[in-house]
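Note that the structure is a prediction, hence the values are computed from the model and not measured.
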Amino acid sequence: MIKPSLPQGTRDFAPQIVRRRQYILKTIASVFEVHGFQPLETPAMENLDTLLGKYGDEGDKLIFRILNNGLDNPAKRSQSLEAFEQVLNGQGSKSLTERALRYDLTIPFARYVAMNHGQLSFPFKRYQMQPVWRADRPQKGRYREFWQCDADVVGSASLLNEAELIQIYREAFRRLGISVDVRINNRKILAALAESCNASEKLTDITVAIDKLDKIGIDKVMEELEQRGLDAGNRERVRAYLLIDGSTDERLDRIEQLLGHTGSGRQGVQELRWLAGFLRTSEGSYPFSIDFTLARGLNYYTGTILEVKAIGVSMGSIGGGGRYDDLTGLFGVPGIPGVGISFGVDRIYDVMEETGAFPASLGVSTRALFFNLGEEETRYAWTAMLELRAAGIPCELYPEAVKFDRQFKYAEKKGIPAVVIAGSEEMSKGVFRVKILSSGTQTECGAEELETILSQAS
RNA sequence: GAGGGUGUAGCUCAGUAGGUUAGAGCAUCAGAUUGUGGUUCUGAGGGUCGUGGGUUCGAAACCCAUCAUCCUCCCCA
């Protein structure tokens, strides 16, 4: 016998947890739908080629690869050995692995758009809610299998799409009862910073370092920049960049002074200024802040970048996204811009668990348990249940004629609010005895009244 | 990839100057109570102390290894 266990970083979801997860998924999906997004699903596995090189070197290492079948085929022995040899030398090998589990939902979507751009009408707005897999080291809020909910708009360069996606964040988190801060930056500004340092090739080094500002402080960031080969003059330039503060408008003014001399800087500021202005003057208030230190690692972002953090909870980001001007270009279809966001369902769950944001009513759906009192009684109960179920009231009959104690405890544990008892006494009178468990009150009623009584039971 | 914590009953955990039969609460099951649950009372079952090796007269405890899990860094949702 083997001890049953789960692969690291994966989890089973008990009934109650599934209900809560479904509550999150349904809430997000309905927000997507009400904004005109359409559902899409893609396979759990993709060709390895589709995924490799899209997430950076680190990302490539975290992709779960699927071993090819038939490697033990004696006829292919030498081929398999050779393939393994290649892997040992740090090269990939198609004859060993050519498929992988998807790492996110954006690249599979890009692949889909590239394959179907002839049929799609643009702008194409899709949402997708499926699990993704990463060979990361599990820790708090980090799993190897987790769900993402993505919404992307492709085929439109309008910043109105950004505004709409932020509106989706606002509405979804409002409905879920999580207070959030949506941090916004623009990749062009980061690029302008690197450019103004005459170090465009160090864009990644610079962004990785400044992203850590609130974690390690400005001095450590400077140290790290030095290690990454940035000279003193440029470090001062980055320092000035990081020290920008004040109101949103003041900060936008200052960043323009600092980086407005570059084309990308001017453009980035302009985009941010428009977006911030739009969000402020449109209906309602939006929980966003401009944050020039926000970097985000994914290398395909080219414009706006977003990240969502829950306020008052120690947890990594619960959502993120950004604009990519040419995502499908990687798949041979250039010129389709897009912008998208992602919700991290598992982290949202953890946050809601921590803040007690789940509604109490997510318990059991069964409204009534019919007691099993024997063969004749079962037929009597069965008929009544058919009607209730047809009326949409979930109910169940205990499958065995065991003593009351057992049947009561079953209802109790499952959180069923009412039990229906119909034995020979009730049958002879043609009635049902309904007991509400929370209050202990019992009433006798006819079959037609059951529906009313049970739909009110709580 | 680097570092740290923890592995004892189904669950949460006690249990070391190494000592004979390893405990508690909760949960489960049975009975008090064959048509009335929750509360209460009585009783029962359930542990190769993660695994392997070592030290010792003797190891759940000390040492080494290994596995699992949690956490931190990196990176991310």
Side-chain angles (χ1 to χ4, degrees), chain A residues 1-11 14 24 28 55-63 102-106 129-150 169 180 204 207-209 211-212 215-216 220 224 294-299 301 305-310 314-322 340-351 369 371-374 377 398 401-427 433-442:
Chain A
M1 191 199 80
I2 52 148
K3 205 173 168 182
S5 65
L6 242 34
Q8 189 179 39
T10 67
R11 299 150 300 158
I24 295 172
I28 294 171
Y55 310 107
D57 291 342
E58 285 299 311
D60 281 356
K61 286 184 200 160
L62 300 180
I63 294 172
R102 71 168 160 254
Y103 177 92
D104 72 354
L105 302 178
T106 307
M129 309 198 299
Q130 289 187 282
V132 302
W133 293 270
R134 295 184 189 177
D136 220 342
R137 197 99 181 222
Q139 52 184 278
K140 186 181 181 187
R142 174 173 302 184
Y143 307 97
R144 290 186 147 183
E145 177 185 63
F146 61 97
W147 280 59
Q148 292 190 327
C149 299
D150 276 30
Y169 268 145
V180 297
T204 309
T207 54
V208 164
D211 191 38
K212 297 178 187 168
K215 221 173 212 172
I216 62 178
K220 293 272 182 188
E224 187 158 339
L294 175 64
R296 292 191 63 77
L298 298 173
N299 16 20
Y301 291 129
I305 47 182
L306 309 164
E307 194 159 291
V308 187
K309 293 222 31 157
S314 163
M315 176 69 67
S317 62
I318 57 176
I341 55 168
S342 182
F343 289 80
V345 177
D346 302 78
R347 285 186 178 175
I348 290 171
Y349 182 97
D350 291 345
V351 167
L369 175 72
F371 273 23
N372 189 322
L373 303 181
E377 292 87 341
Y398 198 85
V402 294
K403 60 183 189 178
F404 270 44
D405 186 69
R406 289 287 296 251
Q407 306 198 43
F408 265 118
K409 280 179 177 157
Y410 175 80
E412 184 84 32
K413 263 193 213 152
K414 207 166 164 183
I416 300 171
V419 301
V420 180
I421 303 169
S424 50
E425 253 180 70
E426 288 81 8
M427 283 168 69
R433 178 174 294 273
V434 181
K435 177 162 182 171
I436 308 298
L437 291 191
S438 57
S439 60
T441 56
Q442 298 189 45

Colleague: Whole-Å distance between B/rC76 P and A/Tyr103 OH?
Modeller: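 Going from A/Tyr103 (OH) to B/rC76 (P), I get 7 Å.
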Colleague: Please confirm whether the backbone N or O of A/Gly423 pairs with a side-chain atom of A/Glu426, one donor and one acceptor, at under 3.5 Å?
Modeller: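 Such a contact is found between A/Glu426 side chain and A/Gly423 backbone.
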Colleague: Assign A/Val132 to base, sugar-phosphate, or nothing according to its heavy-atom contacts below 4.0 angstrom with the strands shown.
Modeller: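 Answer is nothing: A/Val132 stays at 4.0 Å or more from every strand.
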Colleague: With C1' as the reference atom in both, quote the distance from B/rC13 to B/rG7 in angstrom, rounded to an integer.
Modeller: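 The answer is 12 Å between these two C1' atoms.
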Colleague: Starting at CG of A/Asp136 and ending at C1' of B/rG1, how long is that distance when rounded to a whole Å?
Modeller: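 After rounding, the reported distance stands at 11 Å.
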Colleague: Does B/rU36 have OP1 or OP2 under 4.0 Å away from a side-chain N or O of A/Gln442?
Modeller: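 Answer is no, no contact under 4.0 Å.
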Colleague: Contact class for A/Ile318 (heavy atom, under 4.0 Å): base, sugar-phosphate, or nothing?
Modeller: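 If one applies the 4.0 Å heavy-atom cut-off, A/Ile318 turns out to touch the sugar-phosphate alone, with no base involved.
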Colleague: Can you find a donor-acceptor pair, distance only, under 3.5 Å between A/Glu426 side chain and B/rG35 base?
Modeller: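 Side chain to base: pair found, below 3.5 Å.
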Colleague: Consider side chain to side chain contact (heavy atoms under 4.5 Å, CB included). Of A/Asp346, A/Val345, A/Ile348, which one does A/Ile318 pass it with?
Modeller: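 One option only clears the test, and that one is A/Ile348.
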Colleague: Would you say the side chain of A/Lys414 lies within less than 4.5 Å of the side chain of A/Leu369, judging by non-hydrogen atoms?
Modeller: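 SC-SC contact between A/Leu369 and A/Lys414 ruled out.
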Colleague: Please measure how far the C1' atom in B/rA22 lies from the corresponding atom in B/rG47, and state the result in whole Å.
Modeller: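 My reading of the C1' atoms in B/rA22 and B/rG47 gives 9 Å.
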Colleague: Please tell me if A/Arg134 has a side-chain N or O lying less than 4.0 Å from either OP1 or OP2 of B/rC74.
Modeller: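 Negative; the distance criterion is not met.
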Colleague: If you look at every strand shown and take non-hydrogen atoms under 4.0 Å, does A/Gly56 touch a base, only sugar-phosphate, or nothing?
Modeller: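 A/Gly56: no heavy atom of the nucleic acid under 4.0 Å.
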Colleague: In whole Å, I'd like the distance from the CD1 atom of A/Ile416 to the P atom of B/rG38.
Modeller: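 In whole Å, B/rG38 P and A/Ile416 CD1 are 16 Å from each other.
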Colleague: Which one, B/rU36, B/rA77, B/rU72, comes nearest to the side chain of A/Phe404?
Modeller: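 Output: B/rU36.
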Colleague: Using a cut-off of strictly less than 4.0 Å, decide whether A/Lys414 has a side-chain nitrogen or oxygen near OP1 or OP2 of B/rG37.
Modeller: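 False: A/Lys414 side-chain N/O out of range (4.0 Å or more) of B/rG37 OP1/OP2.
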Colleague: Name all residues meeting the ring pair (Phe, Tyr, Trp, His ring centres under 6.0 Å) criterion together with A/Tyr143; count only those two or more places apart in sequence or in a different chain, and write none if there are none.
Modeller: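 Applying ring pair (Phe, Tyr, Trp, His ring centres under 6.0 Å) to A/Tyr143 gives none.
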Colleague: For A/Lys212 and A/Glu224, indicate whether the former's side chain and the latter's backbone hold a donor-acceptor pair under 3.5 Å.
Modeller: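 No; judged by distance alone, with no hydrogens or angles, the pair does not exist.
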Colleague: Say you draw a straight line from CD1 of A/Ile305 to CD1 of A/Ile341; how long is it, rounded to the nearest 0.5 Å?
Modeller: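 Nearest 0.5 Å value for the CD1-CD1 distance: 15.0 Å.
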Colleague: Dot-bracket for RNA chain B: what is it, with Watson-Crick or G-U pairs under 3.5 Å, [ ] where a pair crosses earlier ones, and | for a pair to another strand?
Modeller: (((((((..((((.....[...)))).(((((.......))))).....(((((..]....))))))))))))....
Colleague: Report the distance from atom CZ of A/Phe408 to atom P of B/rU34, rounded to the nearest whole Å.
Modeller: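 Roughly 14 Å, once rounded to whole Å.
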Colleague: What is the nucleic acid contact for A/Gly59, judged by heavy atoms within less than 4.0 Å: base, sugar-phosphate only, or nothing?
Modeller: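 The residue A/Gly59 makes no contact with any strand.
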Colleague: With hydrogens left out and only the distance checked, is there a donor-acceptor pair under 3.5 Å joining A/Lys435's side chain and the base of B/rU36?
Modeller: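 Indeed there is one.
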Colleague: Applying a 4.0 Å non-hydrogen cut-off, can you work out what A/Ile421 is touching in the nucleic acid: base, sugar-phosphate, or nothing?
Modeller: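 Contact class for A/Ile421: base.
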Colleague: Could A/Lys409 and A/Asp405 be called an ion pair, given the rule that one side-chain N must be under 4.0 Å from one carboxylate O?
Modeller: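 A salt bridge is present here (some side-chain N lies under 4.0 Å from a carboxylate O).
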Colleague: Does A/Trp133 offer a backbone N or O that forms a donor-acceptor pair with the side chain of A/Arg102 under 3.5 Å?
Modeller: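 No: the side chain of A/Arg102 does not pair with the backbone of A/Trp133.
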Colleague: Relative to the 5' end of RNA chain B, which residue comes earlier, A/Asp405 or A/Ser314, by the nucleotide with the nearest heavy atom?
Modeller: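 Looking at RNA chain B, the more 5' nearest nucleotide goes with A/Asp405.
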Colleague: Mind checking the P distance from B/rU51 to B/rA9? Whole angstroms is fine.
Modeller: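 Per the computed distance, 10 Å lies between those P atoms.
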Colleague: Looking at every strand, decide which applies to A/Glu425 at a 4.0 Å heavy-atom threshold: base, sugar-phosphate, or nothing.
Modeller: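 If one applies the 4.0 Å heavy-atom cut-off, A/Glu425 turns out to touch a base.
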Colleague: Using a 90° cut-off around 0 for syn, call B/rA30 syn or anti.
Modeller: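 Here the answer is anti: the torsion falls beyond 90° from 0.
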Colleague: Separation of A/Asp211 atom CG from B/rC74 atom P, in whole Å?
Modeller: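 Roughly 10 Å, once rounded to whole Å.
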Colleague: For A/Phe371 and for A/Lys212, find the nucleotide of RNA chain B with the closest heavy atom, then tell me which residue's nucleotide is more 5'.
Modeller: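 Nearer the 5' end of the strand: A/Phe371.
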Colleague: Suppose you measure atom P in B/rG50 against the same atom in B/rC76; what distance do you get, rounded to whole Å?
Modeller: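 These two P atoms come out 38 Å apart once rounded.
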Colleague: Just to be sure I understand the rule, does A/Lys413 reach a base, reach only the sugar-phosphate, or reach nothing, if contact means heavy atoms closer than 4.0 Å?
Modeller: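 The answer is sugar-phosphate, as A/Lys413 gets under 4.0 Å only of primed atoms, P, OP1 or OP2.
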Colleague: In whole angstroms, how far is the P atom of B/rC75 from the CG atom of A/Leu294?
Modeller: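 The distance from CG of A/Leu294 to P of B/rC75 comes to 14 Å, rounded to the nearest Å.
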Colleague: What's the CD1-C1' distance between A/Ile341 and B/rC76, to the nearest Å?
Modeller: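 Atom-to-atom, A/Ile341 to B/rC76, this comes out as 17 Å.
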Colleague: With sugar-phosphate meaning primed atoms plus P, OP1 and OP2, does A/Gly423 contact a base, only sugar-phosphate, or nothing at under 4.0 Å between heavy atoms?
Modeller: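 The residue A/Gly423 makes base contact.
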Colleague: In terms of the angle between their ring planes, are A/Tyr103 and A/Tyr55 parallel, tilted or perpendicular, with boundaries placed at 30° and 60°?
Modeller: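 Ring orientation of A/Tyr103 relative to A/Tyr55: tilted.
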Colleague: Looking only at side-chain atoms of A/Arg406, point me to the closest of B/rC29, B/rG37, B/rC74.
Modeller: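 The nucleotide sitting nearest to the side chain is B/rC29.
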Colleague: Hey, what do you get for CD (A/Glu58) to CG (A/Asp136), rounding to the nearest 0.5 Å?
Modeller: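 It comes to 9.5 Å.
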Colleague: Return the stacking result for B/rA77 and A/Phe146: yes when the ring centres lie under 5.5 Å apart and the planes under 30°, no otherwise.
Modeller: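 Answer is yes, a stack.
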Colleague: On the nucleotide B/rC70, are OP1 or OP2 found under 4.0 Å from the side-chain N or O atoms that A/Gln139 carries?
Modeller: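 For B/rC70, neither OP1 nor OP2 has a side-chain N or O of A/Gln139 closer than 4.0 Å.
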Colleague: Examine the base of B/rC70 for any acceptor or donor lying under 3.5 Å from a partner atom in the side chain of A/Arg142, and report the outcome as yes or no.
Modeller: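 There is none.
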Colleague: Rounding to an integer number of angstrom, what distance separates B/rA65 and B/rC26 when you compare their P atoms?
Modeller: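 Looking at atom P only, B/rA65 and B/rC26 are 41 Å apart.
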Colleague: Name the nucleic acid region contacted by A/Thr106, choosing base, sugar-phosphate or nothing; use a 4.0 angstrom heavy-atom cut-off, strictly under.
Modeller: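 It contacts nothing in the nucleic acid.
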Colleague: Answer with base, sugar-phosphate or nothing: what part of the nucleic acid does A/Tyr143 contact at a heavy-atom distance below 4.0 Å?
Modeller: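 Here A/Tyr143 touches the bases of the nucleic acid.
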Colleague: Using a cut-off of less than 4.0 Å, is there contact between a side-chain N or O of A/Lys403 and OP1 or OP2 of B/rC29?
Modeller: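 The answer is no; no side-chain N or O of A/Lys403 sits under 4.0 Å from OP1 or OP2.
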Colleague: Taking atom C1' in both B/rC11 and B/rA27, compute the distance separating them and give it to the nearest angstrom.
Modeller: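 These two C1' atoms come out 7 Å apart once rounded.
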Colleague: Give me the distance, rounded to whole Å, that separates B/rU69 from B/rA30 when you measure between the P atoms they each carry.
Modeller: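 Between the two P atoms, the distance is 35 Å.
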Colleague: Tell me whether A/Gln130 contacts the main-chain N or O of A/Leu105 through its side chain, where contact means a donor paired with an acceptor under 3.5 Å.
Modeller: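 No; judged by distance alone, with no hydrogens or angles, the pair does not exist.
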Colleague: Could you check how far CD of A/Glu412 sits from C1' of B/rG37, rounded to whole Å?
Modeller: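 Atom CD in A/Glu412 sits about 6 Å away from atom C1' in B/rG37.
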